[in-house]
Amino acid sequence: MDYKGYTVYENNNGIEIEGVRDFDLGHIFDCGQSFRWLKQQDGSYIGVVKDKVSRIRFENGKLYISNSNFDDFVKIWYDYFDLGTDYGEIKKILCQKDEVMSQAIPFGQGIRLLRQDIWELIISFIISANNRIPRIMKSVETLSQNFGRKISSEEGDFYSFPSPEALSSCPLDQIEICKAGFRCKYISNTSNMIRKGIVNLSTLKEMTTDEARNELIKLSGVGRKVADCILLFSGTNFDVFPTDVWIKRIMEVLYFKREATLKEIDQYAKDHFGSLSGYAQQYLFFFARETRIS
DNA sequence: CTGCAGGCCGGCG
DNA sequence: CGCCGGCCTGCA
């Protein structure tokens with residue numbers, strides 16, 4: 001069956017998709033946007049999206065997704081992997097911007113910005129503050145196991161990410177079992193703010209980027225950087241440039257040739273990359289980590 | 001034993 | 001406003 005330029009074949013336990021370009025699972029899942037996809041021995045990845053456990057493989061230009069049918073492709077995966085966006089065109093434009101981009105992009109040529117659940121992103125990136133990636137993954141997993149819904153699948157038992165209601169009804173000392181330390185009170189406070197509707201996530205898409213960011217920053221434990229990650233990795237806004245320590249370092253080394261403030265970097269990205277800032281950030285982040293630039 | 005990791009918060013000048 | 005110290009936890 002065809003859908004918007006892709007050909008989808010259904011088989012016993014999943015789908016096979018042809019026509020997928022600019023796509024590499026390693027690049028996609030290791031550029032810092034997601035914490036819940038686990039790499040398997042055979043190179044495939046298993047993750048939970050919308051209460052569905054799937055195993056994903058990409059071989060010989062074909063994308064294989066288990067536990068899915070054509071309807072799931074249309075309703076979930078097409079959006080999730082941002083398959084409606086022409087990354088070849090984006091890479092072409094960015095490469096023409098400067099030498100740094102044309103050097104960095106080949107390292108992460110298969111990067112895609114996932115359109116992930118914004119609520120899960122909020123909590124995940126609150127946990128990310130001043131933390132290490134393995135520990136972030138562990139905390140997110142522990143929250144899911146304890147307060148999410150159990151999903152039994154042929155891949156084993158997994159757990160959905162807990163709802164705002166589930167987390168807001170937990171006393172703080174229960175949240176603390178996820179070992180997120182001082183961030184646990186942020187998780188608790190933010191869950192309550194969302195449940196009470198103090199910040200309404202469903203209206204963010206109709207706002208300008210600045211308005212949406214200011215809305216998210218109201219949440220406990222959400223500052224400028226975390227807010228921009230949430231906006232970018234949920235597919236809400238792409239003209240943001242989340243500047244963490246890696247991006248700061250690589251911008252100073254490759255662009256400024258000196259130390260620079262977060263404000264300077266943000267202004268530079270706005271002027272230089274404009275609406276493609278978020279994509280540029282991802283290629284730079286992956287490049288920085290691959291090459292260990294310091 | 002220190003240092004430090006994908007920042008944020010709160011207090012201060 | 002901008003700047004700076006402190007921070008849970010766990011691993012090097």
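Here the structure is a predicted model, which is why all the values come from computation and not from measurement. Worth knowing before you read on, the calculation uses all heavy atoms, side chains too, and leaves out hydrogens, waters and symmetry mates. Lettering follows sequence order; numbering is per chain, from 1.
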B/S/- along nucleotides 6-13 of chain B (protein heavy atoms under 4.0 Å) is BBSS----
Using the six-membered ring wherever Trp is involved, compare the ring planes of [X] and [Y] and label them parallel, tilted or perpendicular (cut-offs 30° and 60°).
{"X": "A/Phe81", "Y": "A/Trp37", "value": "tilted"}
{"X": "A/Phe58", "Y": "A/Phe23", "value": "tilted"}
{"X": "A/Phe256", "Y": "A/Tyr268", "value": "tilted"}
{"X": "A/Phe125", "Y": "A/Phe233", "value": "tilted"}

Length of the [atom1]-[atom2] vector between [X] and [N], whole Å:
{"X": "A/Lys185", "N": "C/dG6", "atom1": "NZ", "atom2": "P", "value": "15 Å"}
{"X": "A/Ile127", "N": "C/dT9", "atom1": "CD1", "atom2": "C1'", "value": "13 Å"}
{"X": "A/Ile177", "N": "C/dT9", "atom1": "CD1", "atom2": "C1'", "value": "15 Å"}
{"X": "A/Leu262", "N": "C/dC4", "atom1": "CG", "atom2": "P", "value": "13 Å"}

In whole Å, what separates the [atom1] atom of [N] from that of [M]?
{"N": "C/dG10", "M": "B/dC9", "atom1": "P", "result": "23 Å"}
{"N": "B/dC4", "M": "C/dG6", "atom1": "P", "result": "14 Å"}
{"N": "C/dC8", "M": "B/dG11", "atom1": "P", "result": "15 Å"}
{"N": "B/dG6", "M": "C/dC4", "atom1": "P", "result": "22 Å"}

Which string of ( ) [ ] | and . matches DNA chain C, if you list each base 5' to 3' and count Watson-Crick or G-U pairs only when both distances are under 3.5 Å? |||||||.||||
Does a side-chain heavy-atom distance below 4.5 Å link A/Leu254 with A/Phe287?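 Yes, at least one pair of side-chain atoms sits under 4.5 Å.
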Steps toward side-chain contact (heavy atoms from CB on, under 4.5 Å) verdict (A/Asp117, A/Leu121): CA-CA 6 Å; A/Asp117 177 70; A/Leu121 282 171; over 6 Å; no
Kindly confirm or rule out a cation-pi arrangement of A/Arg115 over A/Tyr80, judged by NZ or CZ under 6.0 Å from the six-membered ring centre and within 45° of its axis?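 No, A/Arg115 does not sit over the ring of A/Tyr80.
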Compare side-chain N and O positions of A/Lys263 against OP1 and OP2 of C/dG2 and report whether any pair is under 4.0 Å apart.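 Yes, such a contact exists.
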Just checking, is any N or O donor in the side chain of A/Tyr255 or A/Asp98 under 3.5 Å from an acceptor N or O on the other one?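 The answer is yes; a qualifying pair exists.
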Using 4.0 Å as the upper bound for N to carboxylate O, is an ion pair formed by A/Asp228 and A/Arg224?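 Judged by the 4.0 Å cut-off on N to carboxylate O distance, A/Arg224 and A/Asp228 do form a salt bridge.
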